[in-house]
Amino acid sequence: MHIQASLSFTSDVVVLQVKHWDLFLAPYKQAVEELKVKLKGMRSQFEMDSSHSPIEFVTGRVKPIASILDKANQKGIPLDKLESEMQDIAGVRMMCQFVDDIKRVVELLRQRNDFEIVEERDYISHKKASGYRSYHVVICYPVQTIKGEKKILAEIQIRTLAMNFWATVEHSLNYKYKGQFPEDIQMRLQRAAEAAFRLDEEMSLIRGEIQDAQAFFTRKREKQQKQDN
């Protein structure tokens with residue numbers, strides 16, 4: 001199917017295309033919801049163990065149809081190759097407080113047996129030219145459907161809160177400028193990326209103090225809740 005076929009304006013074809021996309025995206029939506037539950041469960045286990053959780057929170061999304069078509073056009077991916085060539089239709093993000101937490105999370109993912117890791121991309125040690133930093137893990141995830149098991153590709157991004165703030169801003173600006181940043185904006189973004197990374201480095205240096213303070217406030221909150229009850 002040619003990409004432009006999805007842009008027909010006749011009502012019958014539009015209905016057909018919507019149905020097609022709903023069927024195509026259904027397993028990706030299921031995968032995102034299942035992965036969010038499983039990865040949030042990892043955080044809960046750390047909390048029950050009264051130990052520091054390397055996972056701050058987890059979010060997920062299925063790439064919008066328009067974004068899928070845009071990326072397919074940019075990368076030259078035919079629609080009948082989306083399942084095998086587009087790795088981030090299903091995407092999950094895991095946020096961490098500290099850079100070292102990212103390494104811990106990656107190790108935990110490598111130990112799991114409910115999906116297969118097919119690729120890892122370290123944009124922290126090897127940042128992109130734009131300044132983007134994150135750790136990407138591409139997995140093959142088995143979705144159970146009424147027609148049997150279906151394996152799909154999904155991407156898990158692990159990053160600190162500072163990295164995520166920068167990436168969110170950069171994504172919005174990229175959408176506004178369609179990837180063609182004015183030179184001054186590009187320079188400021190690169191400086192901001194370095195500032196965010198320096199913030200992560202400074203937070204890592206006082207990690208112990210931060211965790212002690214967080215544990216103190218947690219104990220204080222729990223004590224207050226017991227008194228209130």
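When a residue number appears, it is its place in the shown sequence, counting from 1.
- The shortest distance between side-chain heavy atoms of Lys36 and Arg93 does not fall below 4.5 Å.
- Residue Ile139 is grouped with residue Met86 when hydrophobic side chains (ILVMFWY) are merged at heavy-atom distances under 4.5 angstrom, including chains of intermediate members.
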**Message:** Walk me through whether Glu155 and Gln157 qualify under side-chain hydrogen bond (donor to acceptor under 3.5 Å, both in side chains).
**Reply:** CA-CA 6 Å; Glu155 184 179 76; Gln157 298 177 351; 3.0 Å; yes
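- Residue Leu35 comes nearest to Ala154 through the heavy atom pair CD1-CB, 4.3 Å, listed as atom of the first residue, atom of the second, then distance.
- For the pair Leu82/Ile77, a side-chain contact is recorded, criterion being any heavy-atom separation below 4.5 Å from C-beta on.
- Between Ala196 and Ala162, the shortest heavy-atom contact is O-CB, 3.8 Å.
- Note that the CG atom of Leu108 and the CZ atom of Arg104 stand 4.0 Å from one another [nearest 0.5 Å].
- Contact check on Lys81 versus Glu83 returns no salt bridge, with no Lys/Arg side-chain nitrogen under 4.0 Å from an Asp/Glu carboxylate oxygen.
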**Request:** Show your working on side-chain hydrogen bond (donor to acceptor under 3.5 Å, both in side chains) between Glu120 and Tyr135 and close with a plain yes or no.
**Result:** CA-CA 8 Å; Glu120 296 183 26; Tyr135 199 100; 2.4 Å; yes
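- Summarising the geometry, atom CD belonging to Glu119 is positioned 13.0 Å from atom SG belonging to Cys140; distances are rounded to the nearest 0.5 Å.
- Using a 4.5 Å cut-off on side-chain heavy atoms (C-beta onward), Gln45 and Lys40 make no contact.
- A salt bridge links Asp88 with Lys71: the closest approach of a Lys/Arg side-chain nitrogen to an acidic carboxylate oxygen falls below 4.0 angstrom.
- Atom CG in Leu79 sits 6.5 Å away from atom CG in Leu69 (nearest 0.5 Å).
- Using a distance-only test at 3.5 Å, with no hydrogens or angles considered, no donor-acceptor pair links the side chain of Arg159 to the main chain of Met95.
- Considering CG of Leu173 and NZ of Lys176, their distance stands at 7.0 Å, rounded to 0.5 Å.
- In terms of heavy atoms, Ala193 sits closest to Gly131 at CB-O, 3.4 Å.
- Ring centroid separation for the pair Phe46 and His52 does not come in under the 6.0 Å cut-off.
- Ion pairing between a basic and an acidic side chain is recognised when a charged N comes within 4.0 Å of a carboxylate O; Lys103 and Asp100 show such pairing.
- Cluster membership for Phe57 and Trp166, using ILVMFWY side-chain heavy atoms within less than 4.5 angstrom, is not shared.
- Judged by distance alone, the side chain of Thr168 and the main-chain N or O of Asn164 form a donor-acceptor pair under 3.5 Å.
- By the salt bridge (charged side-chain N to carboxylate O under 4.0 Å, His left out) test, Arg112 is found to be paired with Asp114, residues two or more places apart in sequence or in another chain being considered.
- A distance-only check finds a donor-acceptor pair linking the side chain of Asp101 to the backbone of Phe98 [under 3.5 Å].
- Here the OG1 atom belonging to Thr160 is positioned 8.5 Å from the CZ atom belonging to Phe197, to the nearest 0.5 angstrom.
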**Message:** Asp122 vs Ser125, test: side-chain hydrogen bond (donor to acceptor under 3.5 Å, both in side chains). Steps then yes/no.
**Reply:** CA-CA 6 Å; Asp122 184 357; Ser125 300; 2.9 Å; yes
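- Atom CD of Glu183 has 12 or fewer neighbouring heavy atoms from other residues, nucleotides or ligands inside a 6.0 Å radius.
- Residues Val37 and Met94 do not share a hydrophobic cluster, defined by chaining ILVMFWY side chains whose heavy atoms lie under 4.5 Å apart.
- Within 6.0 Å of atom NZ in Lys128, more than 12 heavy atoms from other residues, nucleotides or ligands are found, so the atom counts as buried in its surroundings.
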**Request:** Please assess Arg191 against Gln186 for the test side-chain hydrogen bond (donor to acceptor under 3.5 Å, both in side chains), listing each intermediate value before the final yes or no.
**Result:** CA-CA 9 Å; Arg191 289 201 295 267; Gln186 188 171 14; over 6 Å; no
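- Taking 4.5 Å as the limit, every side-chain heavy atom of Val138 sits out of range of all side-chain heavy atoms of Ile117.
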**Item:** Residues Ile158, Leu109; criterion side-chain contact (heavy atoms from CB on, under 4.5 Å); working and verdict
**Value:** CA-CA 11 Å; Ile158 309 109; Leu109 294 178; 4.0 Å; yes
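- Minimum interatomic distance between Ile55 and Met42 (heavy atoms only, all atoms of both residues): CD1-CB, 3.8 Å.
- Between Cys96 atom SG and Met163 atom CE the span is 9.0 Å, to the nearest 0.5 Å.
- Cluster membership for Tyr132 and Ile156, using ILVMFWY side-chain heavy atoms within less than 4.5 angstrom, is not shared.
- Ion pairing between Arg198 and Glu201 fails under the 4.0 Å rule for side-chain N and carboxylate O.
- The main-chain N or O of Gly76 is never found under 3.5 Å from a side-chain atom of Glu85 such that the two would form a donor-acceptor pair.
- Hydrophobic clustering keeps Leu189 apart from Leu199 (ILVMFWY residues linked when any side-chain heavy atoms are closer than 4.5 Å, directly or through intermediates).
- Remark: Glu149 CD is packed, more than 12 non-hydrogen atoms of other residues, nucleotides or ligands lying under 6.0 Å away.
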Can you give the donor-acceptor pairs under 3.5 Å from side chains of residues 23-32 to other protein atoms, not counting sequence neighbours?
| from | atom 1 | to | atom 2 | distance (Å) |
| --- | --- | --- | --- | --- |
| Gln30 | NE2 | Glu34 | OE2 | 2.9 |
| Gln30 | NE2 | Gln144 | O | 3.0 |

**Asked** Does the pair Arg188 and Phe181 meet the rule for a side-chain contact (heavy atoms from CB on, under 4.5 Å), with working shown?
**Response** CA-CA 11 Å; Arg188 289 178 183 274; Phe181 291 115; over 6 Å; no
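- With a 4.5 Å cut-off on side-chain heavy atoms, Leu153 and Tyr141 do not count as touching.
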